[in-house]
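The analysis underlying the following values was restricted to heavy atoms, covering all of them including side chains, and did not include hydrogens, waters or symmetry mates.
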Amino acid sequence: MSKLDLNRRSFLKAAAAMGVIASVRPVKDVLAELITPASGQETHWISGNTLNYRRDGMAKVTGQKVFAIDLRARDMQGWPAQQSHALTIHIPRADRIYEGLDLSVLGSDYQPDVLIDAESIAADGVGMPEPGFYGEFFVKKGQVSPMLGHPVAVAIWHDYEKFRVANQRLRFNDAIFRFGAEAAQPPRAPYVAARYVRVQGEDGYGEDRFSPMKNTVIWPQLDEKGVHWPDSSHPAFGALMGESARIQAEMKQPKDGLRAFARKYYSQSIEHVAMEMENGLAWYEQGSGALHMVAASQAPYGTAEHVMHMLKDSKLALNQLDYISSYTVGYGQKEHHPFPFYVALASLYAQGRPVRLALDRWKHFQFALKRHPFDVETAISVDKDGKFHALTCHMVGDGGGVTNFSPSVGTVAVTAAQSIYYFPESDLSTEVYPSIGVTAGSMRGYGTVQSMAYTEMLVDEIAQEIGLDAIELRRRNVLKSSMKNTQGASPSGHLRIGEILDMAAKDPMWTERAKRKADFEAANPGLRYGIGFGAVQKDFGTGAEASIAQLEITPEGRIKMRHIATEIGTGSTTAQLVAVEPFLGRPADDVDFAVNHWDNLPLHTKDEPYTTPQAKEDELARDPTWTPRLVSPVSASNSAYYFRHATQQAAQLLLKLCLWPAAQSIWSGKEGGGQLLPSTVTEDMLEWRERMLVAEGLEPLSLERLAERAHELGIVTGVCVHAFNRWAWAKADFTVEGIKFQAMIDALSVQYGKSAGEAKKAAMKSGGYAFIARDKVYYPPVQRTNAGTVYYAPCATMVELSVAPGTGKVNILSHKTWLECGTQIVPELVSGQIQGGVAMGIGHALYEDLPLHETGPGNGQWNLNRYHVPRASEVAVWKAEGVVLPPLSRTDPPKGMAEVVMIPVVAACVNAIAHATGKRFHATPVTPDKIKEAL
C-alpha cells in the first residue's frame, strides 16, 4: 500500500485527471443537527476551564445522528427519502470450485431486484482499487475462493419487508452456494519478511557496530515457495546475516557465564467488536453520473480516491463524487478496510435509488478485519547478575486472504519485542503469510500486543528460574534514557519506565503478595490466589505524521479553530480544543473538525515520505510549497502528540505574532512609554491567570481587549500551520512583519486584522490568508524511517486474581495500572482509555479467541453468542486503580497512550495465573479448559 492517506490537493489532482468533480466533506455539512443544537454551538461541555463532559457527549446521549450507521437517505439534504437495502453474500468455504448461486429458497416473491456479481461488474469494467492490497470484489465462477467469507455477490431489494424476509432465509443457508470439485489453494508469496540485527559498540549509548539505523533492514526475496533469506555472501546484507547466524548460534550454546531461555508462544486471532459494524449509504444518479456516499473511514481521502479508481476504466460514468465522512469507531478496523467500496458498488447498480449496505454482527464477524495471530519464538540470554545479553525473536503471522496492512503489522510487531529492556545484541525477524482465513489488518496495538506481552511472560519466567524478584529483574535491565533500541535509535526524551517499576516494587500488593496468597487461600478453600505484573512501552505514530491546524481570534475575542482531526471515539476533538488553553487562556470557542479543505496552505506532495531518495528530497524541499506528506489519517495514537503539536504551534504563533504585540501596544500606550517602559518584561514571561494575560507586574489584559487592539493594528490575527514528523519534527525559519523566528513547523499562512493595510489585504490570496514562504527548512533525514520508533509511552499493570482448579475459572479481583503519558490534555479521557484498554487486555488474555480457517468466523457461524467478550463482572470494575505520573515540566508534551494501556495487562494476567497455579501458559487466551488440563 503506497499511501496511508491522501491530501486534498493530491485528491483533486487525481480527480481532475479522471475528469471528476470531487469533494470530501464532513457529515455536518449535510446534516445540520450533528452535535450543534438549534440554539447554536454546544457550549455546556466546559465551564471556565473545567471539563464537564466530552464535546460530543451531549449529542451521543441525546440520540443525535453522530455515527454513519445512524444515517438513512431521508436524513441527507437533497437525497430522495426512499432507500433500497443491500446485502452482501459471503462464501463459507475455500476448498471447492465456486459455480454460482441458487436463490430458489427465496421463491418468486423475495428475489432481489438487483444481483451484482463478478460477471456483471466485469462486463462494466468496474474493479476493486489496488486489488493487491484489498483483494478482488467477488469470487468468480469457476474459481476457488482465496479465503473464507469472501463476497460472491451483492443483492439489492427496493422493498424493506422483502429484504428482511430474504435476509432471514439466506442466513446460515449454505445450500444457496453451488460448488464443484475439490480444489487446492494456489501457492502465494508471503506478505512480508524482514530481519533487524543490532550489535552494540562499546556500550549502549555510543555508535553501534551494526544496526538497521546504521546499516539497513534485511529484506529477503519472497516468492510462491516462501522466504529466501540472503546468506553471508550477499553484497548488501552479508555482514548482517553473519551476525544474525552468530547470535542465533550463541543463543543455542551460550558463552560462559550466560544462560539462555527460549520459549514458543501463540497469540490468537481476535475480533475488534467495534460497536459500529461496517456500514455505508450511497446514491448514484445515473443521468448525471454523480455519486454521493456516506462512509465510516479513518482515511477519507484515500477511500474517496479509491472509489474514483473503481470506475476509472468502466462503462459507468462518474462525473461527480461527493464523499461524506462521518464519525466512526473501530479500534483501527475502519483504517483501509474494503467495505466502503462495496457501498459505492451497490449504489452503482441500485437503479438510481439511494441504497444502504450494513453488515449485521454475523457478517461483521465473517468479513471485517481481524487481529493477526502469531506464532512467536522468543529467547533471552542472561548473565549470573541477571543482566540481559541478547534477544532473539522470530514471529510468523497469519494475514488471512488479502494482504492489507500485514507487511507493516509484521514489522511493527517484531521491532517492539524488546519491550522495556536494553539488549546489547538482538536478532529479530518476522514473516507473515497468506491463508484462507479472514483478512487481518489494523487493530489497537498494531502487532505489539503479540510481541511485547510474550516477552513479558518470558522475563517473568526467567526471574522465577534464576531466583530473582520479577520486578527487580526488570529494573536491572530497563532501557534508560539515550540508550539505543533494537533498531539503533535513541528514544525521544527521558524514559520513565524505571520510575514506574520503582513504584510497583513498593506497592503493598507486590510486597505483601506471599501473605496475601496465604490469607486468601486460607479464607477461600479450594481457590488459588495469584498476583502478576507486566510492563511495556509502546510507540505511537507511523514515522511520517503530518497535521494542519488553524486558529483565529475575532475582533470580539472569540477563538476559532479548524483542524484535520476526526473523532473516532477517542475524544481527540475535545482534546484539541483544550490544547490551546495554555497559550490563549481558554479553549477554542468555535470549531470545525474533520476539515479537508486547506486552500490557505497551498502545499503539494507526492506523499512518499518513506521512500524518496535523500538527494531528491533535498531538491524538492527548496520549493516552499512542497512537503513530504500533507495529512495523516487518525491512527497509531497520533492525535494527542502529533495533532496536538500542530494545534499548539498555531497557538504559540498566535501568542507571538498577535497577542504579544497587542499587549505591548496597550502597556506602552500612555504618555512616556506607559507602564511598559520601566518594565523588563519579555515574551517568555507571558502567562495566563484566570483568563487574563499577565507578565511581571503589568496590568492584566483580557483576550477580548487584546483582540480588539490586534485588529485595530492590522497585525496577525490568524495562523494556519503545517507540521511534519519523521521520528523528529521538521522545523523552518520564517519572517513575518520583520520578525524572524524558527518554529517546529514546515509551512505557515497568516491572516491580518480588519484594519490591515491594502498591501496586507492583497497578500491574503490563499483562502483569505497570506502564505509565508519559509526562509529555510530542516527535514529529518529519510534514514530515520529505519529507526522503527523513538516515541514511547510506558505502562505497567499489576493484577490480583483467583483460580478455581476444579473448573479452571479465573476471577479478576483487582488491578492497578501505572502510566506515564507526559502532560494530560484531558485527564478524564486518559482515565477512560485506561479503563477500556485494561478491559480489552483482559479479554485477550482470558476470553477472546477466533479459531483459524474452516472453524473460524469466515464460515459465517460466529457472533457474540459464542465469542466471549469480557463483561463488567469479569474485569473488576469497582476494584480498578490507575496512577498517572506527573509531567516532568510544564512543557512536557502529551504522549499517545490509547494503545499501550491494553498490553501489560495481558502479561500480568498470565503471570498471575502462574503465581496462583504454579503452571506456565504460553498461548492466549488462558481458558478454563487449558487450566484444568494443566492442573
Sorted by chain and residue number, the ring pair (Phe, Tyr, Trp, His ring centres under 6.0 Å) partners of Phe374 (sequence neighbours excluded) come out as none
Original post:
Within 45° of the axis and under 6.0 Å from the centre of the six-membered ring of Trp688, does NZ or CZ of Arg586 qualify?
Top reply: no
Residues passing the ring pair (Phe, Tyr, Trp, His ring centres under 6.0 Å) test with His645, sequence neighbours excluded, are Trp729
The salt bridge (Lys or Arg N to Asp or Glu O under 4.0 Å) partners of Glu499 (sequence neighbours excluded) come to Arg496
Across all chains, not counting sequence neighbours, the side-chain hydrogen bond (donor to acceptor under 3.5 Å, both in side chains) partners of Lys656 are Glu683
Please tabulate, one pair per line, all N/O donor-acceptor pairs under 3.5 Å involving side-chain atoms of residues 837-847, not counting sequence neighbours.
from   : atom 1 : to     : atom 2 : distance (Å)
His844 : NE2    : Ser267 : OG     : 3.3
His844 : NE2    : Gln268 : OE1    : 3.3
His844 : NE2    : Tyr454 : OH     : 3.4

Residues at least two apart in sequence or cross-chain that pass side chain to side chain contact (heavy atoms under 4.5 Å, CB included) with Asn811, listed by chain then number, are Ser802, Leu813
Is it true that Asp469 and Arg513 have a side-chain N and a carboxylate O under 4.0 angstrom from each other?
yes
Sorted by chain and residue number, the side chain to side chain contact (heavy atoms under 4.5 Å, CB included) partners of Ser873 (sequence neighbours excluded) come out as Arg871
Exercise. Cut-off 3.5 Å, side chains only: do Ser408 and Tyr446 have a donor facing an acceptor?
Worked result: yes
| Any Lys/Arg nitrogen of Lys560 or Asp589 sitting under 4.0 Å from an Asp/Glu carboxylate oxygen of the other? | no
Those residues at least two apart in sequence (or on a different chain) that pass side-chain hydrogen bond (donor to acceptor under 3.5 Å, both in side chains) with Glu800 are Tyr529, Ser814
Are Glu899 and Lys538 close enough for a salt bridge, meaning some N to O gap below 4.0 Å?
yes
Residues passing the side chain to side chain contact (heavy atoms under 4.5 Å, CB included) test with Ser481, sequence neighbours excluded, are His494, Leu495
Residue set satisfying side chain to side chain contact (heavy atoms under 4.5 Å, CB included) with Ser482, at least two apart, ordered chain then number -> Tyr205
Identify all side-chain donor-acceptor contacts of residues 877-887 below 3.5 Å with residues at least two apart in sequence or on another chain.
none

For Tyr867, the ring pair (Phe, Tyr, Trp, His ring centres under 6.0 Å) test, sequence neighbours excluded, returns Phe365
Query raised in the report: Side-chain donor-acceptor pair under 3.5 Å between His815 and Thr797, yes or no?
Result: no
